[in-house]
Amino acid sequence: MERTLSIIKPDAVKKNVIGEIISRFEKNGLRIATMKKIRMTKEEAKGFYIVHKDRPFYDSLTDFMSEGPIVVMVLEGESAIAKNREIMGATNPANAAPGTIRKDFAENMERNAVHGSDAPETAAFEIGYFFSALEIL
Ligand code: ADP
Ligand code: MG
């Protein structure tokens, strides 16, 4: 049993495909341990993506992630981190495999529909960024 943080990003929320994205997690055996719809401030987005602070896309990425509402959720299941990354597809939708979320819903490398933790340590940081222990069922 493993937990990972998933975000449905502002581009996908705007497209009204929250349900379609969540159903892909469920169909692949992941469960939603907790979930909420929020809007991050620019500062909150910068804190979430602090590992990317020196990357050239940091400012644009944090503008995008704070431009509208997002859905944040904790997914749980066997190998949830790797399984979620598989369901998501490659960062650049041009390289994403058929049937992945990013292939079907992403617009480009930045506006790519979903976020998923990439390792146990980042999952712990990212889950704690949005949820307290009491909120995770
Ligand atoms: P992933 O989300 O697949 O783990 P990264 O952690 O490398 O990808 O990057 C975080 C996010 O930053 C990406 O999901 C995407 O929204 C954005 N991003 C990454 N690389 C670029 C880029 N070269 N240009 C614009 N945005 C980018
Ligand atoms: Mg990443």
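Ligands are counted one by one from 1 in listed order, and the atoms in each one are counted from 1 as well.
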For [atom], grab the closest protein heavy atom and report residue, atom and distance to one decimal in Å.
| atom | value |
| --- | --- |
| atom 19 (C) of ligand 1 | F57 CZ, 3.5 Å |
| atom 1 (P) of ligand 1 | T91 OG1, 3.6 Å |
| atom 23 (N) of ligand 1 | M109 CE, 3.7 Å |
| atom 16 (O) of ligand 1 | E110 O, 2.8 Å |

Practice prompt. Give, for atom CE of M40 and atom OH of Y129, the distance between the pair rounded to the nearest 0.5 Å.
Written response: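 Rounded to the nearest 0.5 Å, the CE-OH separation comes to 7.0 Å.
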
Worksheet item: Does K9 reach ligand 1 with a nitrogen or oxygen that is under 3.5 Å from one of the ligand's nitrogen or oxygen atoms?
Response: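 Checking ligand 1 against K9, an N or O pair does fall under 3.5 Å apart.
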
Worksheet item: Is there a nitrogen or oxygen of R85 sitting under 3.5 Å from a nitrogen or oxygen of ligand 1?
Response: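 Yes; the residue has a nitrogen or oxygen that sits under 3.5 Å from a nitrogen or oxygen of the ligand.
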
Practice prompt. Would you please determine whether L61 falls within less than 4.0 Å of ligand 1 on a heavy-atom basis?
Written response: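 So L61 counts as touching ligand 1.
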
Discussion item. List the residues meeting ring-ring contact (aromatic ring centres under 6.0 Å, His included) with F130, not counting sequence neighbours, and say none if there are none.
Written reply: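 Applying ring-ring contact (aromatic ring centres under 6.0 Å, His included) to F130 gives F48.
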
Fill in: Option passing side chain to side chain donor-acceptor pair (under 3.5 Å) with T62 (candidates H52, K42, E43)
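By the side chain to side chain donor-acceptor pair (under 3.5 Å) criterion, T62 pairs with just one of H52, K42, E43: K42.
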
Worksheet item: Among M65, H52, R102, which residue places a heavy atom closest to atom 2 (O) of ligand 1?
Response: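 Among M65, H52, R102, the closest heavy atom to atom 2 (O) of ligand 1 comes from R102.
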
Worksheet entry | Closest candidate by heavy atom, reference atom 13 (C) of ligand 1, pool D11, N112, V114, T122 |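 Among D11, N112, V114, T122, the closest heavy atom to atom 13 (C) of ligand 1 comes from N112.
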
Worksheet item: Ignoring hydrogens and geometry, is there a side-chain-to-backbone donor-acceptor pair from D11 to A113 under 3.5 Å?
Response: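 Yes.
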
Using atom types as modelled, flag every donor-acceptor pair under 3.5 Å from a side chain in residues 71-79 to any protein atom, sequence neighbours excluded.
unit_1, atom_1, unit_2, atom_2, d
E76, OE1, R3, NE, 2.9
E76, OE1, R3, NH2, 3.3

Worksheet item: Do M88 and I127 belong to the same hydrophobic cluster, where Ile, Leu, Val, Met, Phe, Trp and Tyr are linked whenever their side-chain heavy atoms lie under 4.5 Å apart, directly or via other members?
Response: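 Each belongs to a different hydrophobic cluster.
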
Worksheet item: Cation over ring, K36 on F131, under 6.0 Å and within 45°?
Response: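 Verdict for F131: a cation-pi partner in K36.
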
